[in-house]
*Asks:* 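Please find one structure pasted underneath; my questions will follow.
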Amino acid sequence: MDFWKNTLRSARYVLAPMVDQSELAWRLLSRRHGVQLCYTPMLHAQVFVRDANYRKENLYCERCSEDRPLIVQFCANDPEVFVQAALLAQDYCDAIDLNLGCPQMIAKRGHYGAFLQDEWDLLEKMIQLAHQKLSVPVTCKIRVFPEMEKTVQYAKMLEKAGCQLLTVHGRTKEQKGSLTGIASWEHIKAVRNAVNIPVFANGNIQYLNDVERCMRETAVQGVMSAEGNLHNPALFEGRNPVVWEMTEEYLDLVQQFPCSLSFVRAHLFKLWHHTLQVHQELREELAKAKTFGSVMAVNRELKQRCQEEARNQKVGEVAAGDLPLPHWICQPYVRPLPKDPSKEDSGIRGKRALEEEEDKNTALLSKNKQKKKLRNPNKSFDSSIKPKYAKCEQCGNPKGNKCVFYLCRSCCKKKAYRELADCAGHGLFFKTKYEKSLQCKSVQNVEVPETESKILQPPPKIKA
């Protein structure tokens with residue numbers, strides 16, 4: 001509690017760690033509008049240890065006196081690597097956070113984030129070692145289990161290992177994308193009542209009154225916002241500014257503290273989300289923007305169109321559509337509820353199945369294929385008109401059109417070597433080369449005259 005009160009200055013309003021989204025410029029914008037504590041984007045501990053450029057780009061160059069208190073978050077699955085990375089970062093922050101909440105597929109493949117939540121022995125070692133070696137506190141951000149009691153035991157284990165602050169996202173690792181659903185504040189409340197360290201709540205935060213209600217119902221020390229903040233950086237101020245006020249302030253900060261253009265585009269897509277549903281041609285322009293100047297030009301055009309709409313709007317006129325406010329006002333994005341599988345003909349289909357269905361129709365292409373189509377307009381993704389290849393008789397791969405054995409190159413090479421044969425179609429000439437080698441040997445075996453042979457003999461070795 002002393003750490004929260006003194007070092008973190010009793011922070012109640014917290015900006016979440018967001019990959020490629022909570023960079024320095026965005027953190028400063030959020031701090032200007034009510035945020036009291038920020039996290040860095042999630043950093044990969046192993047890359048942070050081995051790559052000096054990664055450290056420089058993601059932490060060492062992003063130093064600003066206004067950007068404190070600050071917690072650096074790492075993903076890791078090895079105690080030694082986690083501690084090495086934390087030791088390199090501890091002088092640039094107020095605490096080190098271990099990510100145990102990322103539910104994405106990349107975390108599953110990399111074996112980190114929420115996919116470590118069943119490996120309690122490993123997590124205990126990681127937290128204990130960090131608690132012993134670091135000069136700053138170690139904290140954790142977790143997701144809940146479906147079972148409330150297991151979630152409580154999980155939190156108590158982390159506290160016992162040395163975790164000094166716990167952020168609880170009230171969703172399970174399965175609740176993501178279209179299945180996000182509602183976060184369970186009951187789980188968060190149970191954890192808060194069971195531990196003696198500060199707890200931050202995460203989930204269901206769209207307005208300031210949500211923050212206040214969450215703190216009343218769960219008794220947590222602070223509330224963290226991610227998506228709500230991305231759509232309205234002034235969320236913790238309790239106001240809904242016009243979008244261009246936020247975008248212009250953010251773009252000014254980017255000029256002072258440069259970052260990747262992809263980060264800037266992503267932030268503008270979030271801020272202008274509702275407006276871009278109306279002016280979709282500008283959505284395409286923003287997606288294609290390759291320079292900071294072109295991004296600013298799209299932002300100016302959006303601002304002009306919205307100001308014109310605002311001037312033409314009659315006093316007391318209700319906003320069109322399902323939005324509670326006009327689309328040019330910062331407001332949350334409400335995810336559609338998960339579809340009921342019983343009402344679907346084929347139930348919930350996987351991402352790959354959906355992509356395969358899209359491939360059948362050239363009008364419905366994935367983003368990657370749309371990019372390929374832009375580069376090569378004549379390219380076709382219709383599988384029905386793709387050329388059919390004759391298959392290799394042995395392995396089923398496409399056979400060489402001129403192969404004398406009717407095989408692919410790999411099978412042809414093995415057969416030609418084994419049978420000492422040639423295949424001009426694949427450029428393999430084992431038989432021809434063998435015959436040439438025999439001819440060379442026969443030429444070398446021709447008798448040489450005695451005088452000539454003496455000349456060709458090497459000189460005798462001189463003994464030392």
Side-chain angles (χ1 to χ4, degrees), residues 14-22 26 39-44 73-77 97-119 123 140-148 150-151 154-155 158 166-188 191 200-206 210 214 218 223-232 235 262-263 266-267 269-270 273 332-344 346-358 366-368:
V14 187
L15 177 66
M18 297 176 285
V19 175
D20 297 343
Q21 296 282 264
S22 55
W26 189 261
Y39 283 66
T40 66
M42 181 194 74
L43 305 176
H44 290 260
Q73 187 187 69
F74 286 107
C75 67
N77 55 24
D97 187 78
L98 177 61
N99 183 333
L100 299 175
C102 181
Q104 303 303 327
M105 185 55 66
I106 191 171
K108 185 176 183 179
R109 289 197 296 265
H111 191 54
Y112 61 81
F115 297 94
L116 293 178
Q117 68 178 16
D118 290 313
E119 301 185 33
L123 295 179
C140 296
K141 185 173 186 290
I142 65 171
R143 284 196 170 221
V144 300
F145 290 94
E147 306 83 9
M148 193 175 293
K150 189 174 182 180
T151 303
Y154 181 42
L158 293 172
L166 198 59
T167 301
V168 184
H169 188 159
R171 294 183 175 93
T172 65
K173 70 175 185 290
E174 290 76 27
Q175 287 182 275
K176 58 183 180 179
S178 62
L179 301 175
T180 296
I182 304 298
S184 170
W185 286 357
E186 289 300 316
H187 281 70
I188 299 173
V191 170
F200 290 160
N202 183 209
N204 302 346
I205 305 301
Q206 296 181 336
D210 295 328
C214 179
T218 62
V223 172
M224 177 182 283
S225 174
E227 194 161 350
N229 166 269
L230 291 175
H231 287 277
N232 181 11
L235 183 153
S262 63
F263 300 177
H267 280 302
F269 272 122
K270 293 284 187 183
H273 173 82
Y333 164 66
V334 180
R335 290 178 179 272
L337 292 173
K339 293 181 179 179
D340 185 357
S342 62
K343 295 180 181 179
E344 297 286 333
S346 56
I348 297 175
R349 291 168 293 174
K351 183 178 178 181
R352 188 174 297 276
L354 290 173
E355 288 177 350
E356 287 174 359
E357 181 180 318
E358 286 182 350
S366 65
K367 288 183 179 179
N368 191 33

*Asks:* Here's a test for you: under side-chain contact (heavy atoms from CB on, under 4.5 Å), which of Ile188, Asn202, Ile142 qualifies with His169?
*Replies:* Asn202
*Asks:* Please confirm whether the backbone N or O of Ser225 pairs with a side-chain atom of Asn229, one donor and one acceptor, at under 3.5 Å?
*Replies:*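 Checking the backbone N and O of Ser225 against the side chain of Asn229, no donor-acceptor pair under 3.5 Å is found.
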*Asks:* Provide the closest heavy-atom pair for Pro17 versus Gln73 in the form atom of the first, atom of the second, distance.
*Replies:* CG-NE2, 3.4 Å
*Asks:* If the condition is ring pair (Phe, Tyr, Trp, His ring centres under 6.0 Å), which residues does Phe145 pass it with, not counting sequence neighbours?
*Replies:* Tyr154
*Asks:* Between Trp185 and Cys214, does the side-chain contact (heavy atoms from CB on, under 4.5 Å) criterion hold? Intermediate values first, please.
*Replies:* CA-CA 7 Å; Trp185 286 357; Cys214 179; 3.6 Å; yes
*Asks:* Output yes when a side-chain donor or acceptor of Asp97 lies under 3.5 Å from a complementary backbone atom of Cys140, and no otherwise.
*Replies:* yes
*Asks:* Checking Arg143 side chain against Gln175 main chain: does a donor-acceptor pair fall under 3.5 Å?
*Replies:*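 Here the side-chain-to-backbone pair exists.
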*Asks:* Heavy atoms only: give me the nearest Ala76-Leu116 pair and the separation to one decimal.
*Replies:* O-CD1, 3.2 Å
*Asks:* Taking only residues two or more places apart in sequence or in another chain, which ones pass salt bridge (charged side-chain N to carboxylate O under 4.0 Å, His left out) with Lys176?
*Replies:*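 If we apply the salt bridge (charged side-chain N to carboxylate O under 4.0 Å, His left out) test to Lys176, skipping adjacent residues, there are no hits.
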*Asks:* Under the rule for side chain to side chain contact (heavy atoms under 4.5 Å, CB included), what residues qualify as partners of Gln21, not counting sequence neighbours?
*Replies:*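 Counting only residues at least two positions away or on another chain, Gln21 forms a side chain to side chain contact (heavy atoms under 4.5 Å, CB included) with Met18, Leu230, Ala266, His267, Lys270.
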*Asks:* What pairs of residues pass the salt bridge (charged side-chain N to carboxylate O under 4.0 Å, His left out) test when at least one of them lies in residues 104-119, not counting sequence neighbours?
*Replies:*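 Checked against salt bridge (charged side-chain N to carboxylate O under 4.0 Å, His left out) - neighbours excluded - the pairs reaching residues 104-119 are Asp118-Lys150.
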*Asks:* Show the nearest heavy-atom pair for residues Gly203 and Ala183, with the distance to one decimal.
*Replies:*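 That closest heavy-atom pairing would be CA-CB, 3.9 Å.
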*Asks:* For Ser22 versus Ala16, what's the shortest heavy-atom pair and its separation?
*Replies:*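 Ser22 and Ala16 have their closest heavy atoms at CB-O, 3.8 Å.
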*Asks:* Considering residues at least two apart in sequence or located in another chain, which fulfil the ring pair (Phe, Tyr, Trp, His ring centres under 6.0 Å) criterion with His44?
*Replies:*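 Expected list: Tyr112.
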*Asks:* Strictly distance-based, threshold 3.5 Å: is any side-chain N or O of Asn77 a donor or acceptor partner for the main-chain N or O of Gly110?
*Replies:*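 Yes, the answer is positive, given that a donor and an acceptor are paired below the 3.5 Å cut-off.
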*Asks:* What heavy-atom pair brings Leu158 and Leu166 nearest, and what distance separates the two atoms?
*Replies:*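 Scanning both residues completely, I find the closest heavy atoms to be CD1-CD1, 4.0 Å.
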*Asks:* The criterion is salt bridge (charged side-chain N to carboxylate O under 4.0 Å, His left out); which residues satisfy it with Asp20, sequence neighbours excluded?
*Replies:*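 Per chain and number, Asp20 pairs via salt bridge (charged side-chain N to carboxylate O under 4.0 Å, His left out) with no residue.
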*Asks:* Can you name the nearest heavy-atom pair linking Met224 to Leu15, along with the distance?
*Replies:* CG-C, 4.3 Å
*Asks:* Closer than 3.5 angstrom, by distance alone: can the side chain of His187 be matched with the main-chain N or O of Pro146 as a donor-acceptor pair?
*Replies:*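 It does hold such a pair.
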*Asks:* Which value, rounded to the nearest 0.5 Å, describes the distance between Asn232 atom CG and Glu227 atom CD?
*Replies:* 12.5 Å
*Asks:* Sub-3.5 Å donor-acceptor pair from the side chain of Arg171 to the main-chain atoms of Gly181, do we have one?
*Replies:* yes
*Asks:* Taking side chain as C-beta onward, heavy atoms only, is Gln117 less than 4.5 Å from Leu100?
*Replies:* no
*Asks:* Could you check if a side-chain atom of Val144 sits within less than 4.5 angstrom of a side-chain atom of Thr172, using non-hydrogen atoms only?
*Replies:* yes
